[in-house]
Amino acid sequence: MQQQTHSKQPNTLLAYRASILHFPKASASPKDDYCYFADGLLVTRDSKIEFIGDYKNNINQYDKVVIHDFSGKLLLPGFIDSHMHFPQTEMLASFGEQLLDWLRDYTFPVENKFADHDYASAIAQVFLRQLYRHGTTSAMVYSSVHKCATDALFSAAQNNNMLLMAGKVCMDRNCPPFLQDTAESAQRDSGDLIARWHGTDRLRYVLTPRFAPTSSEAQLAALGELAQQYPQVFIQTHLSENHNEIAWVKSLFPQRKHYLDVYDHYGLVRKGAVFGHGIHLEQDEWQCLADKGASIAFCPTSNLFLGSGLFDLAKAEQHNIPVLLATDVGGGTSFSMLRTLGEAYKVCQLQGNQLDPMHGLYLMTQGAALGLGLEQYIGNLNPGSDADFVILDPLFDELTALRFEQHNSPQDLIFALSMLADDRATVATYIAGKVVYQKDQLI
């Protein structure tokens with residue numbers, strides 16, 4: 001991993017006073033294993049967390065440190081969005097299609113614009129600003145098929161020392177000619193991007209076949225070779241989102257047992273591989289994901305918006321498959337991870353499975369970090385972790401001020417925020433100890 005270039009003067013201590021909530025460790029029962037300080041103190045040193053604890057009993061040891069007083073506000077680990085498409089930022093909320101038609105009519109024409117580096121750079125700035133204003137500090141992101149667009153996204157994230165995971169989309173068939181690469185160019189471009197960006201500052205590369213129908217067997221094999229060559233690189237793609245999609249995969253790969261077997265055959269199912277959706281899985285697919293340590297990105301707003309189906313969170317967890325909450329912008333309908341949590345609750349309700357708010361929060365903080373193998377860096381507020389966090393104002397308007405007169409537990413606070421909050425609740429977002437968004441101010 002290359003040396004970080006984002007450095008401050010050493011030993012810069014800053015302190016924050018707020019109500020503080022996080023999950024310090026892996027948990028099979030997040031509703032019981034959270035850590036909460038009603039009047040808490042967080043201390044950062046440069047880009048890392050130095051201390052977390054009760055304010056009253058610990059402030060004396062930091063009496064010479066500048067304190068940012070957010071009393072009455074809620075400080076959480078920065079949110080992790082584990083599946084989203086940055087070129088689709090401008091086509092959010094496009095009406096009236098299911099998956100395959102939606103790709104044809106909306107997605108592919110928009111993604112063609114990203115052959116222009118300057119255009120991609122401009123949208124990357126909009127995309128990241130939307131993440132920050134919603135409290136998201138890390139994300140796993142699909143770029144477009146264009147190498148230059150991926151460079152633009154990484155460059156923009158690097159400017160804020162963000163832990164961003166991203167990759168160039170690879171597709172060499174069943175898409176418009178103007179978006180097609182080849183097996184050879186996908187392998188070459190992905191390899192070049194890995195060499196340039198993976199491990200530079202906090203950036204990580206993700207091998208990104210869009211989904212099985214748009215990659216030939218030769219391309220999947222080429223990406224599998226890269227996966228073997230770079231075992232620390234992440235993998236992302238789509239899996240069993242839509243019934244028509246699954247039937248299409250079976251017609252294209254008749255020799256494979258099921259959809260997941262297509263990816264597994266080429267060495268693309270492993271720890272660090274994140275499969276978007278996984279709504280309509282066969283029993284063997286659940287077992288394969290569990291055996292290989294791969295993860296599923298649960299994208300409730302997208303699944304509802306595109307009419308794809310209801311993800312079975314309970315079944316995934318019965319198989320001990322890591323589940324990571326995600327917006328899936330632009331099939332998803334909001335950049336807000338809190339609102340996404342609210343929709344996840346509704347999806348589970350429709351299946352008779354009650355999603356505890358702490359469980360949901362875990363899936364977008366510590367649980368996501370664990371699924372990605374990044375818990376030493378993000379997802380929690382443990383000393384030594386990177387100082388990525390968000391400060392929320394639960395009383396951000398008249399209605400929430402009325403609602404929270406009655407709240408008496410952290411669970412109730414998170415649940416109500418998942419139903420009512422939007423970017424107005426975000427007071428400030430910090431990445432590596434530096435503020436990247438502050439309400440009513442331009443950063």
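Worth knowing before you read on, the calculation uses all heavy atoms, side chains too, and leaves out hydrogens, waters and symmetry mates.
A distance-only check finds a donor-acceptor pair linking the side chain of T301 to the backbone of T333 [under 3.5 Å]. Formation of a donor-acceptor pair under 3.5 Å by the T426 side chain with backbone atoms of R133 is found in this model. Side chain of S336 to backbone of H134: no donor-acceptor contact under 3.5 angstrom is found. D397 places a side-chain N or O within donor-acceptor distance of the main-chain N or O of T400, the cut-off being under 3.5 Å. Side-chain N or O atoms of R173 include one that pairs as donor or acceptor with a backbone N or O of S215 at under 3.5 Å. Although no hydrogens or angles enter the test, the distance criterion places a donor-acceptor pair under 3.5 Å between the side chain of E285 and the main chain of L260. Remark: the backbone N or O of L392 is not paired with any side-chain donor or acceptor of K73 at under 3.5 angstrom. E245 places a side-chain N or O within donor-acceptor distance of the main-chain N or O of E241, the cut-off being under 3.5 Å. Counting only distance, with no hydrogens or angles, the side chain of N161 and the backbone of A432 share no donor-acceptor pair below 3.5 Å. Judged by distance alone, with hydrogens and angles left aside, the side-chain atoms of S138 form a donor-acceptor pair with the main-chain N or O of L163 at under 3.5 Å.
Two rings, from Y205 and Y230, have their centers 6.0 Å or more apart.
In this structure, I391 and Y430 have side chains that are in contact, with non-hydrogen atoms separated by less than 4.5 Å. Counting heavy atoms from C-beta outward, D81 and T340 have side chains that stay 4.5 Å or more apart. Side-chain contact check for L193 versus R196: every heavy-atom pair is 4.5 Å or farther apart. Side-chain contact between K346 and L350 is absent, with no heavy atoms from C-beta onward closer than 4.5 Å. Side-chain contact between P209 and T214: absent, with no pair of heavy atoms (C-beta onward) separated by less than 4.5 Å. Within the 4.5 Å cutoff, the side chain of V262 has no heavy atoms near those of the L252 side chain. Looking at K48 and R45, their side chains never come closer than 4.5 Å, going by heavy atoms from C-beta outward. Y345 places a side-chain heavy atom less than 4.5 Å from the side chain of M419.
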Considering only distance and modelled atom types, tabulate donor-acceptor pairs under 3.5 Å from the side chains of residues 122-132, sequence neighbours left out.
| residue | atom | partner | partner atom | Å |
| --- | --- | --- | --- | --- |
| Y132 | OH | N160 | ND2 | 3.3 |

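Among residues at least two apart or in separate chains, ring pair (Phe, Tyr, Trp, His ring centres under 6.0 Å) pairs with a member in residues 143-172 are F154-W197.
Between F79 and the choices T429, T137, L341, L338, the side-chain contact (heavy atoms from CB on, under 4.5 Å) rule is met once, by L338. The only member of Y263, F298, F234 that meets ring-ring contact (aromatic ring centres under 6.0 Å, His included) when paired with F275 is Y263.
With no hydrogens or angles considered, a side-chain donor-acceptor pair links Q219 and D181 at under 3.5 Å. Checked by atom type, the side-chain pair S121/D118 shows no donor-acceptor distance below 3.5 Å. Side chain to side chain, Y266 and E217 meet the donor-acceptor criterion of an N or O pair below 3.5 Å.
H83 pairs by the ring-ring contact (aromatic ring centres under 6.0 Å, His included) definition with H85, Y142, H238, H277, not counting sequence neighbours.
Cation-pi check for R204 over Y377 is met; the charged atom lies under 6.0 angstrom from the ring centroid and within 45 degrees of its normal.
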Apply side-chain hydrogen bond (donor to acceptor under 3.5 Å, both in side chains) to the pair N303 and E343, showing each step before the final yes or no. CA-CA 10 Å; N303 299 157; E343 295 305 297; over 6 Å; no

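Relative ring orientation between H319 and W286 is described as parallel, the plane-to-plane angle staying below 30° on a 0-90° scale split at 30° and 60°.
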